[in-house]
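Encoded as structure tokens, the structure appears first; notes follow it.
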Amino acid sequence: MQLSRKFQKLFSIDAVESLWEHVCRWTHPVSSRRILATLDDAELARLRERYPHRPNARKINTYEDATYWIDINVERAQDLWLDRAPPLRILDLGCGAGYFLYVCRFFGHEGLGFDTDEEPLFRGTTELLNVRRVIARIEPRVPLPDLEEKFDLITAHRVCFHRISRDENGEWIEWTPADWKFFIEDIRARFLKSDGRLLLDFNPRSDGSPFFTDELHACFLSEGARIFRSKALLSADPTRRPRFKETR
């Protein structure tokens with residue numbers, strides 16, 4: 001039974017799409033070492049001394065691993081062809097430690113982070129990486145605070161702001177399709193340039209199933225999204241299907 005599942009996974013659409021992402025990166029390699037070389041290892045070490053591991057925050061503690069996170073965020077940037085694009089203004093929702101925007105700056109882009117200020121490690125890391133950020137929380141059907149500018153690209157990786165609370169069984173209560181439509185319309189109307197894009201990259205569910213249930217899949221398609229694996233890419237214009245390869 002397990003062998004059968006492995007073969008199904010090997011020849012699934014997800015596997016083919018994952019291979020395509022890897023092929024696109026191979027055709028235009030980027031050296032993560034060059035980016036890592038711009039970081040001050042001594043300052044990173046001192047940062048960990050100031051913010052030691054917290055036993056109840058295993059996932060947050062992993063963000064001290066700059067090598068791992070630079071690699072991950074180089075891949076994220078390459079998947080959006082940011083290593084080949086002209087300078088863009090980027091807003092990263094849930095920017096966390098700021099590694100994605102740091103990588104984007106290496107490719108010549110300017111960025112602004114958006115996150116809560118609940119994790120001292122993230123505060124220290126964004127300061128060390130010189131990543132500007134706005135402190136705020138994303139709530140269902142509440143407009144984002146005015147940032148007084150519009151962006152070429154808005155991103156959100158490992159999205160979790162749609163999780164409201166847990167029910168009595170421990171399952172997440174999440175945004176409804178109506179909540180997502182409000183959020184997308186707010187982003188389009190107030191934060192995206194006319195040719196801008198919004199990328200939402202979701203975690204799989206705890207049981208391993210994809211984020212996009214049939215209902216959510218239909219919701220995002222109705223908003224003009226291009227859905228690719230765990231990602232939904234949307235244009236400022238809901239009638240236009242965006243492309244990941246946008247080098248202008």
**Study point:** Residue of the set Arg241, Lys181, Arg240 for which salt bridge (Lys or Arg N to Asp or Glu O under 4.0 Å) holds with Glu223
**Key:**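 Of all the options given, the one that passes is Lys181.
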Would you check if [X] and [Y] make a side-chain contact, meaning some heavy-atom pair closer than 4.5 Å?
X: Leu82; Y: His109; result: yes
X: Asp83; Y: Phe106; result: no
X: Val131; Y: Arg105; result: yes
X: Leu91; Y: Thr155; result: no
X: Leu233; Y: Phe228; result: no
X: Ile154; Y: Leu199; result: no
X: Arg141; Y: Thr176; result: yes
X: Leu80; Y: Arg197; result: yes

Practice item. In sequence, state the C-alpha distance, the side-chain angles, and the governing distance for Asp115 and Arg133, and then conclude on salt bridge (Lys or Arg N to Asp or Glu O under 4.0 Å). Key: CA-CA 7 Å; Asp115 211 337; Arg133 62 177 185 161; 5.3 Å; no
Point-to-point distance, once rounded to the nearest 0.5 Å, from [atom1] of [X] to [atom2] of [Y]:
X: Arg76; Y: Cys104; atom1: CZ; atom2: SG; answer: 10.5 Å
X: Ser194; Y: Asp152; atom1: OG; atom2: CG; answer: 9.5 Å
X: Leu234; Y: Arg226; atom1: CG; atom2: CZ; answer: 11.0 Å
X: Lys150; Y: Arg188; atom1: NZ; atom2: CZ; answer: 12.5 Å
X: Leu153; Y: Lys193; atom1: CG; atom2: NZ; answer: 11.0 Å
X: Ser32; Y: Ile72; atom1: OG; atom2: CD1; answer: 9.5 Å

Same apolar cluster (I L V M F W Y, side chains within < 4.5 Å links), [X]/[Y]:
X: Leu93; Y: Phe182; answer: no
X: Ile135; Y: Leu112; answer: no
X: Phe183; Y: Val142; answer: no
X: Phe202; Y: Trp172; answer: no
X: Leu36; Y: Val74; answer: yes

Exercise for review: Go through the side-chain N and O atoms of Asp237 and Thr239 and say whether any donor and acceptor fall under 3.5 Å apart.
Suggested key: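 A pair is found: one side chain offers a donor N or O, the other an acceptor, under 3.5 Å apart.
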Review point. If we ignore angles and hydrogens, is there a donor and acceptor under 3.5 Å between the side chains of Tyr102 and Thr126?
Key: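 There is no such pair (donor and acceptor under 3.5 Å, judged by atom type) between the side chains of Tyr102 and Thr126.
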Least distance between heavy atoms, [X] atom then [Y] atom:
X: Ala136; Y: Pro145; value: CB-CG, 3.9 Å
X: Phe151; Y: Ile90; value: CD2-C, 3.7 Å
X: Leu192; Y: Ser235; value: CD1-C, 4.4 Å
X: Tyr51; Y: Gly124; value: CE1-CA, 3.9 Å
X: Leu39; Y: Leu129; value: CD2-CD2, 3.4 Å
X: Phe191; Y: Asp186; value: CD1-O, 3.7 Å

Check your understanding: What do you reckon, are the aromatic ring centroids of Phe100 and Trp69 less than 6.0 Å apart?
Key -> no
Check your understanding: Do Phe244 and Trp81 have ring centres separated by under 6.0 Å?
Key -> no
So with a 6.0 Å cut-off around [atom1] of [X], is the heavy-atom count from everything else above 12?
X: Arg166; atom1: CZ; result: yes
X: Glu215; atom1: CD; result: no
X: Arg190; atom1: CZ; result: yes
X: Asp167; atom1: CG; result: yes

Review point. Can you list the steps and then say if Arg158 with Asp201 is a side-chain contact (heavy atoms from CB on, under 4.5 Å)?
Key: CA-CA 6 Å; Arg158 299 195 172 190; Asp201 188 1; over 6 Å; no
Check your understanding: Charged N to carboxylate O under 4.0 angstrom, Glu43 versus Arg46?
Key ->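 Salt bridge between Glu43 and Arg46, a charged N being under 4.0 Å from a carboxylate O: yes.
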Exercise for review: For ring-ring contact (aromatic ring centres under 6.0 Å, His included), just list the numbers for Phe211 and His162, CA-CA rounded to whole Å, side-chain angles, deciding distance to a tenth of an Å, and then say yes or no.
Suggested key: CA-CA 11 Å; Phe211 166 78; His162 66 293; 5.3 Å; yes
Review point. Can you check salt bridge (Lys or Arg N to Asp or Glu O under 4.0 Å) on Glu174 and Arg205, steps first, answer last?
Key: CA-CA 12 Å; Glu174 300 180 355; Arg205 299 184 181 279; 2.7 Å; yes
**Study point:** Residues forming a side-chain contact (heavy atoms from CB on, under 4.5 Å) with Pro204, sequence neighbours excluded
**Key:** none
Practice item. Begin with the C-alpha distance, continue with both residues' side-chain angles, and end with the deciding distance and a verdict on side-chain contact (heavy atoms from CB on, under 4.5 Å) for Glu110 and Leu88. Key: CA-CA 6 Å; Glu110 294 184 29; Leu88 303 176; over 6 Å; no
Exercise for review: Please lay out, stage by stage, how Arg123 and Asp117 fare under the test salt bridge (Lys or Arg N to Asp or Glu O under 4.0 Å).
Suggested key: CA-CA 7 Å; Arg123 187 185 317 133; Asp117 192 32; 3.0 Å; yes
